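Note that the structure is predicted; figures quoted are calculated from it, not measured. The basis for the numbers below is simple: all heavy atoms, side chains too, and nothing from hydrogens, waters or symmetry mates.
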Amino acid sequence: MAAEFEQPTALGDAAARQLANVTKTVPQLATITPRWLPQLLQWIPVEAGIYRLNRVKDSSAVKVDCSGADERDLPKTFVDYELNPREYHLNAVNTVLDVHTRVSDLYSNPYSQIGEQLRLTIETVKEKQESELLNNPSYGLLNSVVPSQVVKSRSGRPTPDDLDDLIAKVWKEPGFFLAHPLAIAAFGRECTRRGVPPPTVSLFGSQFLTWRGIPLIPTDKIAIENGKSKIILLRTGESRQGVVGLYQPNLPGEQALGLSVRFMGINDKAIASYLVSLYCSLAVLTEDALAVLDGVETGFYHDYK
């Protein structure tokens with residue numbers, strides 16, 4: 001006997017969707033992060049592409065005296081400078097975006113194809129910028145710290161004592177800690193274990209853990225290797241003799257600090273090209289503006305039975 005098939009009694013969902021209008025999102029890119037480090041830095045314009053860091057040669061050679069009621073001779077002194085100061089050159093993060101004109105002409109409703117391609121490319125360029133600010137072999141924070149400003153974690157796990165040691169290294173108006181989110185989570189576990197859960201502070205509309213009132217800013221650009229990472233503490237600002245960002249101002253096609261987008265033309269295959277460039281660097285004005293906690297274990301969990 002042939003099987004009987006039940007006839008649908010109403011229009012089905014799948015069929016109805018064929019005639020429905022849909023709400024589309026702009027393209028989503030999972031690698032985009034908040035990039036708080038560039039937002040927290042003071043940025044200095046570098047007109048000629050070079051930033052010269054002048055430092056005092058020997059601060060102990062500057063002699064002063066607190067004179068009393070007697071008529072002692074006042075010390076004679078002058079401030080000498082380093083003869084070969086370091087010069088920072090701006091580095092470029094570049095890429096060329098290609099968009100077929102047929103695509104941009106036919107498929108730019110409701111979202112501009114060129115606009116979205118540029119937006120996602122610029123976001124990726126800015127992600128690379130933050131990575132370079134931390135890891136560049138020439139000027140990155142992790143490669144600019146002097147050996148005397150490196151602290152070894154006592155047990156591997158990031159403890160309040162370890163962060164206190166960092167604060168002792170950058171005690172003149174410390175600005176913020178930088179750490180991988182897993183390192184911050186590991187620090188939170190150690191604080192909870194000791195019964196001193198760290199308070200939070202609101203910045204940029206988000207909540208951040210703090211220690212001694214100093215926020216711990218997360219970034220995924222600090223690497224984790226073999227389960228270990230680093231935590232950075234820095235002071236920022238030119239007036240504080242801290243860490244400053246450097247950028248090239250007044251670029252053609254400028255979109256943001258040091259960032260420009262320039263149309264390069266259309267080739268004989270009808271492909272439009274756009275040059276996206278971001279010029280930046282970073283300078284540590286004094287050695288005590290930066291300290292690093294090394295050997296931070298991120299994967300340890302206490303047994304809470």
Leu142 and Ile232: which non-hydrogen atoms are nearest, and at how many Å? CD2-CD1, 3.5 Å
Might you work through the side chain to side chain donor-acceptor pair (under 3.5 Å) test for Thr200 and Gln207, ending with a clear yes or no? CA-CA 6 Å; Thr200 61; Gln207 296 295 315; 3.2 Å; yes
For Glu127 and Thr33: C-alpha separation, side-chain torsions, deciding distance, then whether side chain to side chain donor-acceptor pair (under 3.5 Å) applies. CA-CA 7 Å; Glu127 290 290 324; Thr33 68; 2.9 Å; yes
Asp58, CG: over 12 other non-hydrogen atoms inside 6.0 angstrom: yes
Within a strict 4.5 Å, meaning less than it, do heavy atoms of the Lys169 and Val151 side chains meet? yes
For this output row, return yes or no: ring centroids of Trp36 and Phe176 closer than 6.0 angstrom. no
What do the steps show when you test Phe204 against Leu40 for side-chain contact (heavy atoms from CB on, under 4.5 Å), and what is the final call? CA-CA 10 Å; Phe204 311 114; Leu40 289 165; 3.7 Å; yes
How many angstroms lie between OG1 in Thr298 and CZ in Arg157, if you round to the nearest 0.5 Å? 12.5 Å
With distance as the sole test, does Ser108 use its side chain to make a donor-acceptor pair with the main-chain N or O of Gln113 at under 3.5 Å? yes
When every non-hydrogen atom of Leu97 is compared with those of Val99, the smallest separation belongs to CG-CG2, 4.0 Å
Which residue is it: Thr159, Asp161, Ile231, Asp162? I am looking for the one with a side chain to side chain contact (heavy atoms under 4.5 Å, CB included) to Ser153. Asp162
Going by salt bridge (charged side-chain N to carboxylate O under 4.0 Å, His left out), name the pairs with one or both residues in residues 16-31, residues two or more places apart or in two chains. Asp13-Arg17
Can you confirm whether Tyr107 is buried at OH, in the sense that more than 12 heavy atoms of other residues, nucleotides or ligands lie under 6.0 Å from that atom? no
So which of Val292, Val170, Leu233, Val284 actually passes side chain to side chain contact (heavy atoms under 4.5 Å, CB included) with Gln149? Val170
Calculate, to the nearest 0.5 Å, the distance between atoms CD and CD1 belonging to Gln117 and Ile122 respectively. 11.5 Å
So does Lys172 get a backbone contact from the side chain of Arg235, meaning a donor-acceptor N/O pair under 3.5 Å? yes
So Pro34 and Ser206, do their side chains get closer than 4.5 Å, heavy atoms only? no
Establish whether Tyr51 and Leu259 are linked, either directly or via other cluster members, by ILVMFWY side-chain heavy-atom contacts under 4.5 Å. no
Smallest heavy-atom separation, Val26 atom then Gln28 atom, equals O-NE2, 2.6 Å
With the side chain counted from C-beta on, respond yes when Cys280 and Asn91 share a heavy-atom pair under 4.5 Å apart, and no when they do not. no
Parallel, tilted or perpendicular, as decided by the 30° and 60° cut-offs, for the rings of Phe263 and Tyr274: tilted
Side-chain contact, heavy-atom cut-off 4.5 Å: Arg262 with Ser277? yes
Show, in sequence, the C-alpha distance, side-chain angles and deciding distance for Asp288 and Trp171, and conclude whether the side chain to side chain donor-acceptor pair (under 3.5 Å) test is met. CA-CA 8 Å; Asp288 66 351; Trp171 61 271; 5.3 Å; no
Does any N or O in the side chain of Asn135 come within less than 3.5 Å of the main-chain N or O of Lys221, such that one atom is a donor and the other an acceptor? yes
If the test is salt bridge (charged side-chain N to carboxylate O under 4.0 Å, His left out), which one of Glu130, Glu123, Glu132 qualifies with Arg35? Glu123
Does the side chain of Ile222 come within less than 4.5 Å of Leu178's, by heavy atoms? yes
Separation between OH (Tyr279) and CG (Leu251), nearest 0.5 Å, reads 6.5 Å
